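A, B, ... follow the sequence lines: proteins, then strands. Residue 1 opens every chain. Note that the structure is predicted; figures quoted are calculated from it, not measured.
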There are 2 protein chains.
Amino acid sequence: MPKIVNHEERKALIAKATWNVIARDGLGGASVRSIAKEANLSLGAVRHYFNTQEELLEFAMQLVEEQATDRIMEHAKESLPPKTITLNMLMELIPPENRVVEMQVWLEYISYKLRKKELKEDSVHQGIVLIMNRLNDAGLLKAEVNLEEEIIHLHALIDGIALHLLMGFVTIGRDRIRALIERELDRIFT
Amino acid sequence: MPKIVNHEERKALIAKATWNVIARDGLGGASVRSIAKEANLSLGAVRHYFNTQEELLEFAMQLVEEQATDRIMEHAKESLPPKTITLNMLMELIPPENRVVEMQVWLEYISYKLRKKELKEDSVHQGIVLIMNRLNDAGLLKAEVNLEEEIIHLHALIDGIALHLLMGFVTIGRDRIRALIERELDRIFT
DNA sequence: TTTTATTTAATACGTTTGTATTAAAATAAT
DNA sequence: ATTATTTTAATACAAACGTATTAAATAAAA
């Protein structure tokens, strides 16, 4: 009987407005009012979908991680050589121009979770662990590799490059980053 | 004629209180009042040393970068094999337990500078660039290495590991991290 | 001891904040 | 057309905020 509004869509819309505010003003500047304004909604409208500010912020930030995990995991379904798939998955963590905002939100999310000491699970990292274990079980990795260390090595390298890309330290393009990561994969693939 | 107070020392004391507040409550939670309370000073006292909140926060965050750069550059003076010096310098970026707060502040500083788009210079990165160039000029690196790429590679790897250490992804100890980095150095040293 | 510049403390003001409340508007079913 | 229920809008309020102002306390120099 009411005006029908797709709740999920509307929440996602508010979440994306939240991303913009966080990228522009930081997590501390992400007030319910400023988010409502960014989303072209009233204060009460936003409050209707999220009961508290914390709920809204956590939803918005979590969405970044979820979407990233989904994007990464999509690659696993493709029918390509295992090394190419792995490379594509890792490269998904290097944000192109139009996903810099998401990475900025991710950075704030890291700090936030660190402060709240709720840093146990990270679906992106767990996804990488899963894939690497599959590769190893399938006998695609050299016998002498220390899997635990290589997972740490690879994920740290790709995240470090992504971070330094944002910070302006990385002067090389995506193609050369890709080649750099491929060299690392060559080191451990049979 | 006045009560003599070492300005620099007092400012550093306030800055360190600021670190604790930022690590606990985030940059957005770092109000002048909460910092004064953390430093056991009055609101007016803090305001006496810093005219605005922004000035205080920037001073405190900048101090982290300065101290880190100083620590790194100290290693350059030691009389040890070049590879060992380089390794020691890079390992300085892996925060031990008692410097986790500084790294948390550094994380917030990154976000802050990104937002303000004042991300041009970073003394830590510039220090690493300097040292690597020196090594290369001294003929200590293999002729075929692409210096630009290796600098990006090394710094990204060490910063990625540091970040993932904070996030709880890194399950190996400092010694094994050190060995991992040393393997990378072996790849480029003659 | 008196003087004097520095340091601290106390208080106040105008904004912005999160959240609550309440009523109005909108629309699908009857 | 009426009804029922969801969605939106408007307003209010206490708390926390940055900053300014003013007076008090402090301690080295005279």
Rounded to the nearest angstrom, tell me the gap between atom [atom1] in [X] and atom [atom2] in [N].
| X | N | atom1 | atom2 | answer |
| --- | --- | --- | --- | --- |
| B:I14 | C:dT8 | CD1 | C1' | 12 Å |
| A:L41 | D:dT8 | CG | C1' | 9 Å |
| A:Y49 | D:dT8 | OH | C1' | 9 Å |
| B:H48 | D:dT19 | NE2 | C1' | 16 Å |
| A:F50 | D:dT7 | CZ | P | 13 Å |

Taking salt bridge (charged side-chain N to carboxylate O under 4.0 Å, His left out) as the definition, give me every residue that meets it alongside B:R183, ordered by chain and number, with sequence neighbours left out.
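Here the qualifying residues are A:E150.
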Partners of A:E54 by salt bridge (charged side-chain N to carboxylate O under 4.0 Å, His left out), sequence neighbours excluded?
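Salt bridge (charged side-chain N to carboxylate O under 4.0 Å, His left out) list for A:E54, sorted by chain: A:K116.
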Can you name the ring-ring contact (aromatic ring centres under 6.0 Å, His included) partners of A:F50, sequence neighbours left out?
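Applying ring-ring contact (aromatic ring centres under 6.0 Å, His included) to A:F50 gives A:F59.
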For B:H153, check ring-ring contact (aromatic ring centres under 6.0 Å, His included) against everything at least two apart and list the hits.
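Applying ring-ring contact (aromatic ring centres under 6.0 Å, His included) to B:H153 gives none.
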OP1, OP2 of D:dT8 versus side-chain N and O of A:R10: anything below 4.0 Å?
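True: A:R10 side-chain N/O within range (under 4.0 Å) of D:dT8 OP1/OP2.
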Answer with yes or no whether the side chains of B:E58 and B:Y109 bring together a donor and an acceptor at under 3.5 Å.
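No, no side-chain donor-acceptor pair sits under 3.5 Å.
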Could you list the protein-to-nucleotides 17-20 of chain C atom pairs, N/O on both sides, closer than 3.5 Å?
residue : atom : partner : partner atom : Å
C:dT17  : OP1  : A:S31   : OG           : 3.4
C:dG18  : OP1  : A:V32   : N            : 3.3
C:dG18  : OP1  : A:Q53   : NE2          : 2.2
C:dG18  : OP2  : A:V32   : N            : 3.1
C:dG18  : N7   : A:R33   : NH1          : 2.6
C:dG18  : O6   : A:R33   : NH2          : 3.1
C:dT19  : OP2  : A:Q53   : N            : 2.8
C:dA20  : OP2  : A:R47   : NH2          : 2.0

Give me each pair satisfying ring-ring contact (aromatic ring centres under 6.0 Å, His included) with a member in residues 124-145 of chain A, each pair once, sequence neighbours excluded.
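Qualifying pairs: A:H125-A:H155, A:H125-B:F169.
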